[in-house]
Each structure stands twice: as structure tokens, then as C-alpha cells.
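Down below is the structure, laid out as C-alpha cells.
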Protein chains: 2
Amino acid sequence: MNLKQLSQVLGLSQTTVSRALNGYPEVAEATRQKIVDAAERHGYRPNARAKSLATGRAMAVGHVLPVSAKGEIVNPVFADFIAGASESYLAHGYDLVLSLVPDDAEEDAYRELATKGSVDGIIVHNPRIDDRRIPLLRDIGLPFVVHGRISRHGDDYDWVDVNNLRAFRRAAEFLLDLGHRRIGLINGQTAMDFADRRLHGYLEALEAREIAPDPALIASDLMTESYGHTAASAMLALPDPATAFLCSSMIPALGARRAIEEAGLDMPRDVSVITHDDDLGYLSNGGAAGGSVPIFTATRSSVRLAGRLCAERVIDLVQTPGQAPQQHLLEADLTVGRSTGPAPRAADRHREDTARNA
Amino acid sequence: MNLKQLSQVLGLSQTTVSRALNGYPEVAEATRQKIVDAAERHGYRPNARAKSLATGRAMAVGHVLPVSAKGEIVNPVFADFIAGASESYLAHGYDLVLSLVPDDAEEDAYRELATKGSVDGIIVHNPRIDDRRIPLLRDIGLPFVVHGRISRHGDDYDWVDVNNLRAFRRAAEFLLDLGHRRIGLINGQTAMDFADRRLHGYLEALEAREIAPDPALIASDLMTESYGHTAASAMLALPDPATAFLCSSMIPALGARRAIEEAGLDMPRDVSVITHDDDLGYLSNGGAAGGSVPIFTATRSSVRLAGRLCAERVIDLVQTPGQAPQQHLLEADLTVGRSTGPAPRAADRHREDTARNA
DNA sequence: AATCAATCCCAAAGCGCTTTGGATATACGC
DNA sequence: GCGTATATCCAAAGCGCTTTGGGATTGATT
């Protein structure tokens with residue numbers, strides 16, 4: 001059943017039916033009621049493609065996810081982000097189209113997205129330090145909002161981000177206050193913008209206490225469980241081992257905990273761990289919702305909320321273009337869990353070492 | 001730059017230009033070359049909406065994800081599945097549109113998807129035991145393929161699934177062969193079809209050895225880390241505690257391991273664990289790619305591959321309709337890792353208990 | 001009774017593409 | 001030289017919707 005048929009059934013013109021269904025004022029209330037009823041009864045739904053062609057609106061926003069040509073991994077964080085964004089889309093009648101773009105064809109892919117006209121705006125994921133997408137997107141002229149930031153550019157574009165620097169600085173200070181001096185940073189890939197900010201937060205905290213950073217205590221990679229395990233193991237095996245870890249995500253934190261236990265150490269007695277927690281549904285850290293004490297002391301910020309905010313913003317940009325860029329910096333809150341405690345005294349450490357080597 | 005403009009620039013008709021670009025034979029090779037060059041030079045890209053309206057093809061497939069009205073969690077498995085599917089879509093020029101549909105508006109949402117015409121086919125996620133979507137989708141008439149199966153229906157629809165029953169039966173038998181008699185099943189939600197099949201695999205294995213299942217050893221819930229922890233803890237605290245766990249996913253398996261360690265027990269010496277492993281990028285179990293010994297003994301089946309297969313199939317269905325339904329049953333392979341070992345003898349268990357209570 | 005402004009409705013022109021059904025020109029076989 | 005293919009190209013009709021620019025009709029106002 002299309003518009004033409006429906007209008008014929010009703011003995012009205014397509015114009016009137018269209019107007020009635022789209023809530024224009026030029027149609028008598030009684031007529032509108034009749035039209036709406038008939039539409040309902042016949043299960044009429046306007047064809048999205050035709051509508052979109054006529055209005056110039058796709059009623060969809062694209063999420064573009066750069067993937068390295070060698071088959072990158074999709075971050076589980078992404079699932080929760082999408083879930084959040086979908087809430088907004090559902091409420092506003094937008095569709096979500098997902099494109100994985102191989103980064104060797106980036107420019108082309110983005111331009112295509114725009115000229116193809118299947119989306120009205122886009123959400124940019126996984127910004128990297130040297131990301132070249134801002135000028136490209138501005139050139140293309142499609143509204144966009146970035147989940148995260150790109151340091152090299154000013155604030156002349158829309159973004160939603162967590163205050164990564166502050167979060168990691170605070171977390172590091174917390175550990176320093178507990179007496180830790182050997183704090184391992186288990187970070188994300190160096191190329192990622194968020195990882196860079198976290199590194200700086202960590203470094204700032206050390207510098208404030210006049211502690212020289214040790215390259216052996218700084219790791220960066222894709223945030224898998226096994227990476228967390230490997231990195232933590234290495235740092236625990238140092239001559240002057242780490243007594244605390246700062247992890248970029250729950251997943252490597254689980255790996256770090258495994259490393260700690262394998263080394264015959266106890267968390268938090270021997271080694272403390274703080275992790276950033278994106279508040280993923282499937283990796284709940286306890287606390288907050290549950291009321292229980294969280295497993296990990298964590299800097300928490302809901303990536304689901306970030307998804308909702310990004311979507312809300314891009315819809316706003318689509319509907320009323322030409323706005324000044326707007327930024328949304330989310331603060332992560334530090335919740336203390338059961339993974340942190342005072343740094344072991346040197347004497348204790350020595351005793352353990354002896355025990356371990358026995 | 002649209003088709004009309006391009007054709008004017010070239011001094012040719014829209015027909016010819018369109019045909020040339022779409023590879024129809026009715027246009028001279030020299031002309032085609034000229035047209036293709038000009039298109040490239042002007043950055044011409046056909047408008048997807050117009051094209052789709054004209055052809056009746058949306059060049060997109062929808063992924064529908066039921067979410068319970070109370071804000072369901074999006075499974076991280078989904079991220080990898082999508083990544084796999086995207087590979088196929090990329091190769092075939094299809095877009096992927098994602099819809100979360102609240103399950104109280106299910107029927108409506110699916111019908112809308114079809115009549116709106118924004119997708120040519122759909123992938124059905126998270127089938128439940130009593131899923132009513134098969135008849136609904138057939139009635140709607142849009143090609144679809146289910147990731148998983150719906151037991152109540154025969155095989156008159158397309159699906160791609162893991163042989164969950166066989167995998168869990170084999171895993172349980174493996175544990176039984178190691179002498180375990182108290183095997184805890186840490187399963188997914190009872191309503192999910194895959195969980196039901198896994199339960200049956202587990203039960204079959206027990207029955208074959210004439211072991212009566214113990215309801216206290218069977219847990220079902222959303223597969224979070226903390227669920228794995230809670231369920232395993234409870235089963236370890238039973239008067240006749242579990243000596244092995246069979247987990248439905250890596251995530252609760254991590255929780256189970258935590259429970260084991262918290263109970264002062266050792267995996268695998270005191271308690272063995274087998275988990276199903278969806279081979280998620282961010283939760284690598286080791287083995288396979290790495291060459292190292294996997295952490296967990298696991299029944300592995302790549303959900304990413306499943307995604308690719310589903311996408312491939314739905315594209316095939318869209319392109320040549322009216323095919324007989326086709327099924328793809330993936331076998332999970334059991335890889336032995338470091339989480340399983342012989343069941344502790346009663347005497348050993350007793351000694352530990354005494355030690356623990358001291 | 002004529003005028004005016006609302007009010008309600010419609011015909012038709014697009015949106016940018018594909019595709020049908022020719023038209024024209026060139027080559028071929030006899 | 002004539003019919004017959006064959007190769008190229010084109011005008012125009014959709015696809016299903018929105019939207020412009022009026023045309024009737026009605027009721028109130030002069």
C-alpha cells in the first residue's frame with residue numbers, strides 16, 4: 001500500500017493525505033482523523049527511500065569505525081556506545097547505519113558516505129592523535145560529532161569526551177597518596193588520542209611529586225586481556241617491580257589481576273590496581289547499581305551515556321545546521337573498590353621475595 | 001554533481017551515462033572510458049536514495065537486536081559478529097543498518113522495517129526459545145537469516161548456528177572422563193535458545209553416565225562477569241561442592257575463576273573450568289593464533305565467522321530470491337588449555353577443607 | 001449582494017536515478 | 001543496392017514521496 005493507493009481508497013489527493021499524515025495544518029481535523037485511521041487500518045507506511053529522496057533527509061546517521069587493513073578488532077566498548085546512541089535514535093525516528101572503513105581508503109569512504117546521501121550526519125569513532133578526519137569532514141560538509149577528541153585541532157568541531165587527563169591524574173595521585181612509587185601504566189595504543197591524554201595525566205601526577213617516569217612501567221597496546229596479563233607480568237618481574245597498576249580498561253585489568261595472582265601476590269595487599277571503567281553492561285565492576293563494593297577501584301564514566309549524548313547532538317546538528325560547535329566533557333568519578341591499598345613496605349616486599357624464591 | 005549535470009558536461013544522455021557506469025553492454029568502450037574518467041574527475045557518485053528508489057533495492061541489510069523494555073545490555077559478542085558481517089557487506093557494497101527493537105513493539109518494528117524499504121533483508125539476533133519472529137518474518141516476506149536457531153520451528157528458514165548441544169555434551173564428557181562428578185553449568189539466560197541447547201548437551205552427557213543432574217549445579221542468567229562469580233561461588237559453597245564448571249562464555253568464566261581463587265582453591269588443581277569461547281578479539285584465550293597454551297580449555301567457535309556467513313547468506317538471498325532455506329551448523333572445536341585437570345580425590349578435598357577452615 | 005479572508009483541498013512539478021522502447025547509424029551478406 | 005543485423009545512443013516514463021502554487025468552498029463582513 002503506497003500513498004497513491006491510499007489516497008485513491010480515500011477519494012482524496014496524495015497531497016492531502018501526505019499533509020494529514022505529516023501533521024501539516026492545512027487539513028481539516030475530521031479529514032485528518034479519517035486519513036490516519038485508514039492509514040492505520042491498511043498498514044500504510046511511507047517508503048523511506050522515496051521520502052528521503054523528496055525531502056533530502058535520510059533520517060539516518062552513520063557511525064564510521066576505522067579498521068586497519070589487517071583486520072582490526074572491534075572494541076567491545078563500541079557495543080555499549082551503540083546501545084546508548086540507539087536510544088536517542090529510536091526516540092527521534094532515526095536509523096543507524098554502520099560502516100567499517102579500512103583506513104587505507106578513508107578519504108574516499110567518507111566522501112562517498114556524504115555524496116551517496118544515505119546518512120544526514122556521522123559519528124566519528126576512535127580518533128587518533130594524528131587524525132586527519134576533521135578537515136576532511138569539514139570539507140565534505142556533513143554534520144559530525146566525534147566520540148573523543150583530536151588533540152591537534154582546536155575546539156572548532158563537536159565532540160563528546162571523558163576528561164581522560166584528569167581521571168588518570170587523579171587515579172595516579174590516589175596511588176601516590178597510598179605510598180606507591182612504582183606505578184605501571186597499562187595504556188591503550190599510543191596512536192589513540194584517549195591513550196595520549198591518559199599518559200599525560202599519569203605523567204603530570206608523577207611530575208608533581210618529582211618522580212621520574214620509568215619507560216619500563218609504561219605499556220601501550222590494544223586493550224585485550226592477554227595484553228594486560230603480559231604487560232603486568234613484565235612489570236612485576238622488574239628488579240624494582242611495580243606495586244600498582246593503572247589500567248585503561250577493565251579488560252586488561254582482568255589480565256593484570258591474573259598476572260598478580262600468578263606471581264603469587266595478592267591484590268590489594270601486594271599490588272594495587274586502578275582501572276578505567278566504561279561501565280559496560282557485561283563487565284560490571286559492581287558498586288553503583290549493585291550497591292556492593294566494586295571489585296576494582298576505578299575511574300568510571302558510562303560510555304553508554306556518551307553514546308546517547310553523541311547521538312543527541314548529531315541529530316540536533318542535522319535539524320538545525322549552522323550552529324557553533326559544542327563540546328561535552330564528561331568527568332569520570334573515582335570510586336574506591338577492593339583493589340587498592342597502601343603500598344607494601346620495602347621490608348614486606350623483601351620477605352615476600354624470599355618466600356617466593358624458596 | 002548529479003547524473004544530469006554529468007551527462008550535460010559530457011554532451012550525452014543520462015541513459016548512456018548511467019549505462020556506462022553500471023557496466024551495461026550497450027555503450028561503446030571508448031565512450032564508457034570517457035564517461036568513467038569524467039565521473040572520476042568530477043567526483044560523481046550516484047545518490048543512493050534515488051538509485052534505491054529506482055531499482056527497488058536498498059543495498060542495505062538490517063540487523064535487529066531485541067532489547068527488553070527495561071534497557072537491556074548489548075552483548076559484546078555482538079561487536080565481533082558485526083565486524084565479521086561488515087567484511088561481507090564491504091565486499092558486496094551493502095550498508096548495515098542497526099535497529100534495536102524493544103520487544104514490546106516487536107511486530108510493529110519488523111513490519112515497519114519491511115514496508116519502509118530501507119533494507120533488503122535482515123539478520124535476526126538473539127533468538128529465544130519461544131521466539132515468534134519466524135512466522136512474522138515469513139509473513140512480512142523480507143529475506144532473513146537467523147544467527148542461532150529457534151527450536152520450535154523446523155528447518156524451513158535460514159540460519160547459521162554453532163552446534164551448541166554437541167559442544168557442551170563433549171565438554172561435559174571431557175570433564176566426566178577426568179573424573180569430575182560435580183559439574184556446575186554456568187549458562188546463559190534460560191529463555192535463549194542457545195542456552196537451552198547447551199543445557200541439553202550437558203544433561204545428555206550426565207545421563208549417559210547415569211548421573212542425576214543437581215539443580216543447585218545449574219545456573220542461568222545474563223552472562224556477566226559478576227554473574228559468573230556469584231554462581232561459581234554458590235556452587236563452591238555447597239555441602240558437596242562443584243569440582244568443575246562449564247561456562248557459556250569467557251566473561252562469566254573469568255568471574256568463575258575469580259570465585260575459585262577467592263575460595264583459596266586452585267584452577268585446575270582443585271577446580272576445572274571449561275568455557276565456550278566465541279573467539280572475541282578483545283578476550284583472546286590464547287592458543288590458535290598465539291601458539292601459546294590457551295588459558296581455558298574451551299569449545300571455540302568464531303562468532304566473527306558466523307557474522308560473515310550470515311551476511312554472505314542474506315546477500316545471496318536478496319540477490320536470488322526464492323531459494324530453498326539453507327542451514328549452516330558450525331562445529332566448535334574443543335581445545336585443551338590450562339584450566340582443566342583430573343578431579344581431586346575425596347581425600348585431597350578433605351585435606352584442603354581442613355586447611356581452609358584453619 | 002458583493003467582498004474578503006479563511007479554510008480545505010488538489011494538480012503537477014520535482015527529488016536523482018534506472019529502464020523501456022525506440023531511433024539512428026554502421027556493417028554485413030547476398 | 002537492399003534488407004538485416006548490430007552497435008550506439010536517446011527521450012521519456014516511472015520509483016513513491018513532498019511541496020509549490022493555486023482553485024474551490026464557506027462564512028463572516030461590509
Side-chain angles (χ1 to χ4, degrees), chain A residues 1-36 38-39 42-60 93 95 112-120 319, chain B residues 1-36 38-39 42-60 93 95 111-120 318-319:
Chain A
M1 167 74 57
N2 61 21
L3 185 62
K4 191 171 177 182
Q5 294 166 347
L6 182 62
S7 65
Q8 278 165 355
V9 166
L10 282 159
L12 290 168
S13 76
Q14 294 191 42
T15 311
T16 305
V17 176
S18 171
R19 299 210 127 130
L21 294 174
N22 289 311
Y24 281 73
E26 300 94 332
V27 40
E29 199 43 45
T31 322
R32 152 167 299 125
Q33 234 358 286
K34 218 172 354 183
I35 293 176
V36 168
H42 292 85
Y44 167 75
R45 286 181 232 260
N47 179 301
R49 302 178 298 220
K51 185 168 189 160
S52 147
L53 182 58
T55 57
R57 282 270 166 81
M59 292 305 284
D95 280 343
E112 174 153 358
L113 260 183
T115 46
K116 237 178 42 173
S118 38
V119 300
D120 297 323
Q319 286 175 347
Chain B
M1 167 74 59
N2 60 23
L3 185 61
K4 191 172 178 181
Q5 294 165 349
L6 182 61
S7 65
Q8 277 165 357
V9 166
L10 281 158
L12 290 169
S13 76
Q14 294 191 41
T15 311
T16 305
V17 177
S18 170
R19 299 211 126 129
L21 294 175
N22 290 311
Y24 282 73
E26 299 94 332
V27 40
E29 200 42 46
T31 323
R32 151 167 301 125
Q33 233 359 284
K34 218 172 354 184
I35 293 176
V36 168
H42 292 87
Y44 166 75
R45 284 181 235 261
N47 179 301
R49 301 179 298 221
K51 186 167 188 160
S52 145
L53 183 58
T55 56
R57 281 271 165 81
M59 291 307 284
D95 281 342
R111 289 199 186 279
E112 174 152 359
L113 259 183
T115 46
K116 237 177 44 173
S118 38
V119 300
D120 296 324
V318 167
Q319 287 176 346

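In what follows, every chain begins at residue 1, and chains take the letters A, B, ... in the order their sequences are listed. Keep in mind the model is a prediction, meaning the values are calculated, not measured. What you see below is based on every heavy atom in this structure, not just the backbone, and it leaves out hydrogens, waters and symmetry mates.
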- I would like to know whether B:S18 and B:T15 meet side-chain hydrogen bond (donor to acceptor under 3.5 Å, both in side chains); could you show each step before the answer? CA-CA 5 Å; B:S18 170; B:T15 311; over 6 Å; no

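Contacts of A:T31 with the nucleic acid, taken as non-hydrogen atoms under 4.0 Å apart, involve only primed sugar atoms and P, OP1 or OP2. In this structure, A:R49 reaches neither bases nor backbone, as no heavy-atom distance under 4.0 Å exists between it and the strands shown.
The separation between B:L6 atom CG and C:dG16 atom C1' is 13 Å, rounded to whole Å. Per the geometry, NZ belonging to B:K51 stands 5 Å off P belonging to C:dT18, to the nearest Å. Note: CD (A:Q8) to P (C:dC9) measures 18 Å, nearest angstrom. In this structure, the CZ atom of A:R57 is 16 Å from the C1' atom of D:dC17, given to the nearest Å. Spacing between atom CG of A:N2 and atom C1' of D:dT18 amounts to 14 Å, rounded to whole angstrom units. To the nearest angstrom, P of C:dC8 lies 17 Å from CG of A:L10. The separation between A:L3 atom CG and D:dG14 atom P is 17 Å, rounded to whole Å. Residue A:E26 contributes atom CD, which lies 19 Å from atom P of D:dA24 at whole-angstrom precision.
Between C:dA11 and A:S13, no contact under 4.0 Å exists linking OP1 or OP2 to a side-chain N or O. Taking 4.0 angstrom as the limit, B:N22 places a side-chain polar atom (N or O) nearer than this to OP1 or OP2 of C:dT18. Applying the 4.0 Å criterion to OP1 and OP2 of D:dA7, one finds that B:Y24 has every side-chain N and O outside that range. Side-chain nitrogen and oxygen atoms of B:S18 include at least one within less than 4.0 Å of the OP1 or OP2 phosphate oxygen of C:dT18. Put simply, B:Y44 has a side-chain N or O that comes within less than 4.0 Å of OP1 or OP2 on C:dC17.
Separating the CZ atom in B:R49 from the NZ atom in A:K51 is a distance of 13.0 Å, to the nearest 0.5 Å. Rounding to the nearest 0.5 angstrom, the gap separating the CD atom in B:Q5 from the CD atom in B:Q14 is 10.0 Å. Between A:D95 atom CG and B:L113 atom CG the span is 7.5 Å, to the nearest 0.5 Å. The CZ atom of A:R19 lies 13.5 Å from the CG atom of A:L12; values are rounded to the nearest 0.5 Å.
Listed for the A:R32 side chain is a donor-acceptor partner under 3.5 Å among the backbone atoms of A:Y24.
Listed nucleotides D:dT8, D:dT20, C:dC8 differ in distance to A:A28; the shortest reach to its side chain belongs to C:dC8. Closest to the side chain of B:T55, from the set C:dT18, C:dC10, C:dG14, is C:dT18. Picking from D:dC10, C:dG16, D:dC17 the nucleotide with the shortest atom distance to the side chain of B:L53 gives C:dG16. In this structure, the nucleotide among C:dC10, D:dG16, D:dC9 sitting nearest to the side chain of B:L12 is D:dC9. Counting only heavy atoms from C-beta on, A:R19 has its side chain closest to D:dT19 among D:dG14, D:dT19, D:dC9.
Checking B:A50 against B:T15, the closest nucleotide of DNA chain C that is more toward the 5' end is the one next to B:A50.
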